[in-house]
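For reference, the structure discussed in these notes is given below.
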Amino acid sequence: MKRRVVVTGLGAVTPIGNDVESFWKGIKEGKVGIGPITRFDTTDYKVKLAAEVKDFVAKDRMDAKAARRMELFSRYAVAAALEAEKHAGLDMGREDPFRVGVIVGSGIGSLQTAEAAVKRIEEKGPAKVDPLIVPKMISNMAAGNISIATGARGKCTNVVTACATGTHCIGDAYRAIQYGDADVMFAGGTEGAVCPVAVAGFTNLTALTTSTDPLRASIPFDKDRNGFVLGEGAGIVVLEELEHARARGAEILAEVVGYGATADAFHITSPIEDGSGAARAMTDAMNEAGIKPENVDYINAHGTSTHHNDLFETRAIKAAFGEAAKEVKINSTKSMVGHLLGAAGGVEFIVCVKSILDGFIHQTVGTLHCEEELDLNYMLGGSAEQEVHYAMSNSLGFGGHNGSILVKKYAD
């Protein structure tokens with residue numbers, strides 16, 4: 001029999017707050033973390049805005065020596081994981097470390113390290129390249145560094161599915177606990193890729209908005225949307241087998257009850273036009289939970305503010321929910337924090353858990369008017385205070401990867 005899996009810890013580093021408390025306060029206030037790019041000179045770039053993490057000091061959040069051997073995406077991940085560990089009240093000295101695992105991914109890893117190495121080779125030759133270039137840049141190092149920082153010695157992997165990374169990592173960690181591979185898992189996603197190569201690449205792919213107004217840049221489902229805003233940060237959670245959590249007296253925040261993962265088999269960047277792949281992921285998650293579409297109170301949409309994503313995700317929701325699609329409340333956290341790529345699913349999962357705990361569904365900030373086919377309740381113009389029993393988080397990634405995860409209010 002599958003074991004029940006609960007959420008006991010949350011950790012976040014985001015463009016509107018470097019811990020869960022400040023992040024959630026920003027969410028409730030409708031704070032927008034988008035602004036001019038400060039990491040490099042954008043004079044020659046069409047794109048001028050990003051959602052950068054502000055005032056993050058690694059040595060204040062982790063071992064300073066270890067941090068110097070990490071790139072930004074790993075630092076964000078370790079900081080969020082240590083916050084989640086503390087929030088969960090997890091004492092690794094009392095745990096079997098081989099029953100505590102990590103599944104944390106990054107969609108990109110460190111492009112900055114590659115950029116610096118190419119420059120060093122051109123200027124000073126290959127012998128001067130940082131000997132730690134490989135362990136700094138590869139995406140699995142977020143999970144590896146969390147394992148080292150926490151002492152978790154169980155299953156330690158990373159899923160890399162572009163913008164669906166965080167959701168798939170949480171989903172796979174959920175499965176690992178369900179089927180007995182672990183009792184506790186650190187899970188989620190991280191990203192730190194606001195750099196010239198990423199901005200140039202996404203710009204030339206016509207994926208990024210060229211808006212210069214931070215309040216009208218990331219506008220999911222709006223008829224004037226024209227691309228996403230590149231963001232960064234990390235969202236890491238502690239998942240735990242129910243009886244293990246009860247035995248140690250942990251506070252149970254929510255229960256994970258369904259997970260769906262599918263592929264579109266259609267296009268390397270565009271979701272399939274009828275939304276059938278994402279719809280099946282949502283349906284699979286609901287079927288596993290044993291609920292009907294009308295039981296879902298809230299969907300945290302992938303909602304990137306690109307033309308194709310928002311239209312095709314809307315079609316997917318309609319296909320999966322039928323008549324209930326008109327009633328469910330839908331929002332996009334990306335309207336405030338931009339698109340955190342591999343970290344998006346982790347951060348948005350945290351929003352779902354906090355929405356359940358606080359009975360609060362946030363506004364899709366900045367979005368004003370939708371075109372005719374986008375006719376669902378995208379939470380425009382204001383937030384809602386209501387009881388949330390079931391919340392779903394959707395993620396769609398380049399390559400046609402779809403992930404949906406379903407959480408519910410915990411009850412014995």
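Numbering of residues begins at 1 and proceeds along the displayed sequence.
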Query - ring pair (Phe, Tyr, Trp, His ring centres under 6.0 Å): pairs with one or both residues in residues 393-412, sequence neighbours excluded - result: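 Qualifying pairs, neighbours excluded: none.
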Query raised in the report: When you look at Arg225 and Glu371, which way does the salt bridge (charged side-chain N to carboxylate O under 4.0 Å, His left out) test go after all the steps?
Result: CA-CA 11 Å; Arg225 67 192 185 280; Glu371 66 250 41; 2.9 Å; yes
Measure the spacing between [atom1] of [X] and [atom2] of [Y] and express it to the nearest 0.5 Å.
| X | Y | atom1 | atom2 | value |
| --- | --- | --- | --- | --- |
| Ser393 | Ile170 | OG | CD1 | 7.5 Å |
| Ile103 | Asn158 | CD1 | CG | 9.5 Å |
| Met282 | Asn402 | CE | CG | 8.0 Å |

Within a strict 4.5 Å, meaning less than it, do heavy atoms of the [X] and [Y] side chains meet?
| X | Y | result |
| --- | --- | --- |
| Tyr298 | Val351 | yes |
| Lys28 | Asp358 | yes |
| Asp172 | Met185 | no |
| Leu239 | Val6 | no |

Report task. Kindly determine whether Lys31 and Met336 satisfy side chain to side chain contact (heavy atoms under 4.5 Å, CB included), including the steps that lead there. Result -> CA-CA 6 Å; Lys31 182 178 180 181; Met336 287 179 267; 5.5 Å; no
State plainly whether the residues [X] and [Y] are in salt-bridge range, i.e. N to O under 4.0 Å.
| X | Y | answer |
| --- | --- | --- |
| Arg120 | Asp130 | no |
| Arg75 | Glu71 | no |
| Arg248 | Glu240 | yes |
| Lys2 | Glu288 | yes |
| Asp222 | Arg216 | yes |
| Arg175 | Asp181 | no |
| Arg4 | Glu255 | yes |
| Glu243 | Arg246 | yes |

Requested in this report: Please lay out, stage by stage, how Val353 and Ile350 fare under the test side chain to side chain contact (heavy atoms under 4.5 Å, CB included).
Outcome: CA-CA 5 Å; Val353 173; Ile350 289 170; 5.7 Å; no
Query raised in the report: After noting the C-alpha distance and the side-chain angles of Lys119 and Glu115, does the key distance pass the salt bridge (charged side-chain N to carboxylate O under 4.0 Å, His left out) rule?
Result: CA-CA 6 Å; Lys119 184 177 180 180; Glu115 287 177 341; over 6 Å; no
Query - His308/His267 aromatic ring centres below 6.0 Å - result: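 That pair fails the under 6.0 Å test.
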Just checking, any donor-acceptor pair under 3.5 angstrom between side chains of [X] and [Y]?
| X | Y | value |
| --- | --- | --- |
| Asn309 | Thr306 | no |
| Ser383 | His362 | no |
| Thr43 | Asp41 | yes |
| Lys136 | Gln112 | no |
| Ser395 | Thr167 | yes |
| Glu95 | His244 | yes |

Report task. Describe, in one word, how the ring planes of Phe202 and Phe228 are oriented to each other, choosing from parallel (under 30°), tilted (30 to 60°) and perpendicular (over 60°). Result ->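 Taking Phe228 first and then Phe202, their aromatic rings stand perpendicular (interplane angle over 60°).
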Query raised in the report: If you count the non-hydrogen atoms of other residues, nucleotides and ligands that lie under 6.0 Å from NZ in Lys46, is the total more than 12?
Result: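 Atom NZ in Lys46 is not crowded, with 12 or fewer foreign heavy atoms closer than 6.0 Å.
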If you look only at distance, which donor and acceptor atoms sit under 3.5 Å apart when one is on a side chain in residues 79-91 and the other is two or more places apart or in another chain?
from	atom 1	to	atom 2	distance (Å)
Glu83	OE1	Ala12	N	3.0
Glu83	OE2	Val20	N	2.8
His87	ND1	Leu10	N	3.0
Asp91	OD1	Gly93	N	3.0
Asp91	OD2	Arg94	NE	3.4

Report task. Determine, for Tyr390 and Lys409, whether the Lys NZ or Arg CZ falls below 6.0 Å from the six-membered ring centre while staying within 45 degrees of the axis. Result ->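 Cation-pi check for Lys409 and Tyr390: fails.
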Requested in this report: Assess whether side chain to side chain contact (heavy atoms under 4.5 Å, CB included) is satisfied between His302 and Cys163, documenting all intermediate values.
Outcome: CA-CA 9 Å; His302 191 56; Cys163 308; 3.7 Å; yes
